[in-house]
Every structure is written in structure tokens, then in C-alpha cells.
Amino acid sequence: MVAEIKTQVKYNETFVVGQKDPIIVLNNLLKAGTFSNYVMYEGNNEVRIAGNELVRVSVTQDSVLINGLGTSYFEPVSDPLKQVEALLKSLNVENWTAYGYVAFDIARFYSAYSKAISQELLYFLIPETELRFTETGIHIKTTKSLEHVQKQLLLDNELPNYELSSVLVDFHDRQNYENRVDTLVTAIQQGKLQKAIISRSVKLTGNLDILGTYVAASKTNNSARSYCLNLEDIRAVGFSPEILMQVNEDGFVVTNPLAGTRPRGVDLEEDTQLSGELFTDAKEVKEHALSAWLAQNEITSLCSPETVRVFDFMEVKKYRCVQHLSSRVGGKLLPRYSLWDALKVLFPGITVSGIDKEQALAWIDRLEDEPRGIYAGGIGWVDSNGAADIAIAIRSVYQYGNRIHLNAGAGIVAESVPQKEYIESVNKMNTMLNNLVLEA
């Protein structure tokens with residue numbers, strides 16, 4: 001039985017013409033005590049800030065829950081993504097958007113993957129207040145006072161002078177990681193699977209300064225999507241190059257696999273040489289082609305066949321520390337499918353799991369010692385009109401309780417060289433490791 005939330009909620013809305021720095025506005029709202037929990041999400045020529053919880057939908061290892069608007073309801077977990085869809089449909093809130101994350105560990109309900117963090121495996125909040133910064137101005141929706149929110153827009157406070165934290169990391173895991181890659185390469189060569197992504201993690205003790213890390217890292221990182229969030233005892237900051245899923249209101253879904261990696265060069269000549277290697281190295285070309293092929297198969301299983309397309313095949317996308325081969329695959333969802341059906345099929349992303357996905361998840365479960373948590377899952381938003389924008393949670397830093405985690409991995413195929421895959425994981429991890437700001 002799905003909970004029925006009868007309380008009707010309608011947002012107060014306004015539009016403020018002009019440009020404001022979203023980070024300064026968020027800092028103002030935090031200093032004023034207006035927000036405690038929040039998500040900021042940037043991409044597609046806009047920045048969204050969602051603050052405080054009107055309603056929260058979450059998934060634990062054994063339950064699916066909804067809290068807010070005077071209702072608290074839970075049910076045993078079985079098919080969590082579809083259960084979350086049903087709970088969100090029960091809301092009596094006009095034009096809602098829910099912001100949050102889906103941890104990689106949700107895969108345990110749909111595959112041989114078995115690990116899980118102790119925190120929520122999925123967490124989406126429908127905010128009391130939402131600000132959407134566009135090229136023309138700021139859309140404001142709130143169940144609270146519009147005047148109070150607008151006042152924070154007018155304050156020209158400066159951000160603190162954030163200083164990077166000096167972090168000592170013991171890379172003692174190199175041999176262990178290379179051994180795991182070697183084991184996987186052998187399995188691939190024996191025909192047990194074609195590709196899998198094996199990751200490694202570094203852990204630190206401390207408290208992440210969310211805005212400080214976001215500001216510092218944004219100076220040296222470009223991304224398809226960037227985000228920061230503070231949800232209960234989970235914090236995250238990231239600059240993802242890869243979009244897991246975009247769905248528009250007409251039901252057109254697009255996924256954007258990135259596979260095939262080279263570091264950036266120290267100058268234009270070396271950068272061009274490394275970019276060229278993406279097309280001449282059989283391992284990189286194979287890794288990308290396999291990923292694009294499976295993405296097309298997944299999209300085809302959801303969409304009208306005549307609408308399925310591959311866009312921008314094998315483009316090179318350049319980011320601060322690495323460059324990737326990129327393709328986009330899309331199609332129009334069949335009428336019987338929703339964004340949540342698409343998420344079930346596309347999650348976790350091919351480029352953070354492998355091919356065949358089921359076998360790859362079994363090998364990831366076998367070879368990785370710890371749950372991935374949010375890493376390689378998704379961060380973004382979904383709305384009541386059937387639209388969604390969810391980035392793959394990579395090139396990010398996460399905090400669970402008082403432990404800070406950095407994760408990175410590499411795509412392993414039959415031609416992989418363990419030493420090179422370790423270096424690739426280091427280059428990816430440096431995106432955030434070199435830009436951490438911790439609270440004093």
C-alpha cells in the first residue's frame with residue numbers, strides 16, 4: 001500500500017531579473033539559518049539550489065521511507081526505484097522537483113552486488129525553497145516568505161578566503177590495486193566478461209568545508225555537471241564529466257558514456273599527442289566502442305526503435321586532469337516506461353560498472369573490499385513532469401560521518417596494463433584530492 005499524503009502544498013513563486021553569484025547567495029542563506037540541508041546542482045546553463053526538506057524520500061538496506069507534511073510511512077524494500085516513484089506520485093505538491101542522490105549500492109537490489117554503506121542508499125528531498133539561476137534571472141519557489149529569500153539575494157557579502165588543506169595520503173594500495181586488475185584481466189581473457197571498472201579509495205578524518213572545496217575546485221575543474229550537498233551526515237562535492245541520464249518532459253532520454261582515457265598534456269603539443277592516442281590505442285577504442293554499444297542496447301530496450309540515435313560518436317572531451325572519448329545515445333521512451341524505468345536499466349552507468357553489466361557487478365563485488373557508497377552512483381534531480389538530470393557521481397569527494405572518502409577507478413579490458421590503470425586512477429582522484437578545504 002502506498003502512503004497517501006493529503007496535505008496540499010503550493011509554492012509561492014517569483015522571478016528576479018539580473019545576475020547573482022549562486023555561491024554567495026547559498027552562503028548568505030546558510031549564514032542566515034534559512035537552510036540546513038541543501039543540494040546545489042550546476043549544469044545545462046543553470047544553477048539550482050534546493051534548501052530544507054518539505055518531504056524526504058529515502059531507501060535504507062531494508063526499507064523505503066517517506067517523511068514530511070505530517071506523514072511518516074515506510075515499507076519493506078523490494079524494487080526500491082519503482083517504490084520511490086510510487087511514493088513521489090502520492091504527493092499533493094504542485095510542480096515539485098526532488099534533489100539528491102542514488103548510491104551505487106542500490107545495485108544490491110538488482111544484481112549480484114551485495115555491499116552497502118550504513119547511511120541511506122537513496123535520498124531525495126523536495127525542498128521548502130528552490131532557486132534556479134539562469135542567464136536572465138533567478139526563479140524562486142518557496143513555501144516560506146518570498147521577501148526573506150529575496151533579501152538574501154540583495155546582500156553583497158564576500159566569500160571567505162578559502163585556503164586549501166594540506167593532506168597527506170599514503171598510497172600504500174598500489175600493489176593491491178594492480179593485483180586486482182591483473183586478476184580481472186585474466187578473467188576477461190578467459191571470456192568470463194568483457195570489461196569491468198575496478199576502483200580504489202582513500203580515506204581521511206575530518207570535516208569537509210563544502211563551499212570552500214567547491215569554490216577551490218571550481219577554479220581548476222571544468223565539468224558537465226557540478227554539485228555540492230549536505231544531507232544529514234553525508235556531504236559531497238563533485239565535478240562530474242559524465243551524465244548518466246537526462247529525460248525531458250516529452251520522454252526523450254539521453255545517456256552519455258565516457259570511456260577511453262588519457263591524461264592532459266603539460267603543453268598543447270603533448271596534449272594533442274595524448275588526444276590522438278585515444279584513437280590509435282586499441283585498448284581505448286575498444287573500451288569506448290563496447291560502452292557505446294551497450295548504451296545503445298539499453299536505450300533500445302526502453303525506447304521506440306525508430307527514435308534511437310547515437311550522437312557525437314567518439315568525441316574527445318577535455319577536463320582538468322584527464323581527457324575522454326565521449327558518445328551520446330538517446331531515444332523516445334515507450335509510453336509504458338517512465339524515467340524510473342530508464343534509471344533501472346541505465347543504473348549503474350556502463351562506464352562505472354562494465355560489460356556484461358551483471359557479470360561486471362559480480363566481479364566488482366568480489367574484488368573491491370568496501371561499498372562504493374555514492375561514488376559511481378548518481379546525483380541530480382527528478383520532477384513531477386517526468387523530467388530528470390542525473391550525473392554519474394565521479395570526480396567527487398564524499399563525507400560519511402567524520403570520514404572523508406575519495407574514490408577513482410579505471411576501465412579494465414583484456415589489453416589493460418595494471419600499472420597504467422593505477423596511474424589513470426591517480427590522475428582521476430587528483431581532481432578533488434588537490435582541491436580539498438577542511439573545516440578548522
Side-chain angles (χ1 to χ4, degrees), residues 41 43-44 59 79-85 98 100-113 121-122 124 194-197 224-225 240-259 287-305 307-313 324 326-334 336-361 364 372 374-383 386-394 409 411:
Y41 190 77
N44 205 23
V59 177
D79 184 354
L81 296 178
K82 294 297 286 183
Q83 289 173 278
V84 167
E85 177 183 23
Y101 68 80
V102 185
F104 184 91
D105 304 347
I106 278 284
R108 74 197 305 264
F109 300 109
Y110 300 106
S111 72
Y113 186 83
L121 308 184
L122 176 150
F124 277 94
Q194 296 184 67
K195 172 187 173 182
I197 287 71
R225 299 291 185 268
S240 176
E242 189 166 358
I243 300 166
L244 173 64
M245 185 180 84
Q246 284 178 286
V247 186
N248 67 21
E249 293 182 8
D250 295 325
F252 198 88
V253 58
V254 176
T255 188
N256 176 207
L258 303 185
E287 183 183 345
H288 185 82
L290 285 171
S291 299
W293 168 70
L294 184 56
Q296 184 176 9
N297 287 351
E298 291 183 338
I299 289 290
T300 299
S301 74
L302 294 158
C303 298
S304 301
T307 68
V308 176
R309 298 285 185 275
V310 177
F311 311 94
D312 310 321
F313 182 62
H324 299 287
S326 165
S327 296
R328 296 168 63 240
V329 185
K332 178 77 160 55
L333 289 172
L334 290 165
R336 64 180 179 271
Y337 292 135
S338 69
L339 73 89
W340 294 97
D341 296 296
L343 187 57
K344 276 183 65 174
V345 170
L346 295 171
F347 191 92
I350 297 160
T351 55
V352 289
S353 54
I355 305 170
D356 146 287
K357 190 180 283 188
E358 180 66 31
Q359 286 295 323
L361 288 167
I364 290 168
R372 287 187 172 185
I374 302 175
Y375 165 69
I379 292 176
W381 57 264
V382 300
D383 73 19
D389 193 300
I390 299 175
I392 295 182
I394 52 177

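Computed from heavy atoms alone, side chains included, the values below leave out hydrogens, waters and symmetry copies. Start at 1 with the first residue, then count along the sequence. Bear in mind the structure is a predicted one, so any value in this text is a computation, not a measurement.
Between L244 and L343, the closest side-chain pair of non-hydrogen atoms falls below 4.5 Å. Side chains of I106 and P80 form a contact here, defined as non-hydrogen atoms less than 4.5 Å apart. For the pair P241 and I394, the minimum side-chain heavy-atom distance is below 4.5 Å. The shortest distance between side-chain heavy atoms of V84 and V59 falls below 4.5 Å. Taking 4.5 Å as the limit, every side-chain heavy atom of D250 sits out of range of all side-chain heavy atoms of L333.
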Exercise. Starting from the C-alpha separation in whole Å, work towards a yes-or-no answer on side chain to side chain contact (heavy atoms under 4.5 Å, CB included) for V382 and I390.
Key: CA-CA 8 Å; V382 300; I390 299 175; 4.3 Å; yes

Practice problem: Take K195 and S291, measure what side chain to side chain donor-acceptor pair (under 3.5 Å) needs, and give me the verdict at the end. | Solution: CA-CA 9 Å; K195 172 187 173 182; S291 299; 2.7 Å; yes

Quiz item: Could you walk me through whether L361 and K357 pass the side chain to side chain contact (heavy atoms under 4.5 Å, CB included) check?
Solution: CA-CA 6 Å; L361 288 167; K357 190 180 283 188; 4.0 Å; yes

Practice problem: Begin from the C-alpha positions of D79 and Y110 and carry the test side chain to side chain contact (heavy atoms under 4.5 Å, CB included) through to its verdict. | Solution: CA-CA 8 Å; D79 184 354; Y110 300 106; 2.5 Å; yes

Exercise. Determine, step by step, whether R336 and D341 satisfy the salt bridge (Lys or Arg N to Asp or Glu O under 4.0 Å) criterion, reporting the C-alpha distance in whole Å, the side-chain angles of both residues, the deciding distance to 0.1 Å, and the verdict.
Key: CA-CA 9 Å; R336 64 180 179 271; D341 296 296; over 6 Å; no

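Going from atom CD of E85 over to atom NZ of K344 covers 9.5 Å, rounded to the nearest 0.5 Å. How far CD of E358 is from OG of S353: 10.5 Å, rounded to the nearest 0.5 Å. Here the CZ atom belonging to F252 is positioned 7.5 Å from the CZ atom belonging to R309, to the nearest 0.5 angstrom. Atom CG in N248 sits 11.0 Å away from atom CG in L339 (nearest 0.5 Å). The CD1 atom of I374 sits 9.5 Å away from the CG atom of D105 when rounded to the nearest 0.5 Å. In this structure, the separation between CD1 on I350 and CG on L294 is 4.0 Å, given to the nearest 0.5 Å.
Under a 3.5 Å cut-off, the side chain of Q296 and the backbone N or O of A292 do not form any donor-acceptor pair.
Ring orientation note: the planes of F104 and Y113 are nearly perpendicular, at an angle over 60° on the 30°/60° scale. Taking the six-membered ring for Trp and thresholds of 30 and 60 degrees, F124 and W340 have ring planes more than 60 degrees apart, a perpendicular arrangement.
Residues A259 and T351 share a closest heavy-atom pair of CB-CG2, 4.0 Å. The shortest non-hydrogen separation linking C303 to V253 is SG-CG1, 3.7 Å. The heavy-atom pair separating W381 from D383 by the smallest distance is CZ3-OD2, 3.7 Å. For N256 against E242, the heavy-atom pair with the smallest separation is O-CG, 3.1 Å. Of all the heavy atoms in G380 and Y41, the pair that sits closest is CA-CE1, 3.6 Å. Residues L302 and V345 approach most closely at CD2-CG2, 3.7 Å, considering heavy atoms.
Side-chain atoms of T255 and E298 form no donor-acceptor pair, as typed in the model, at a separation below 3.5 Å.
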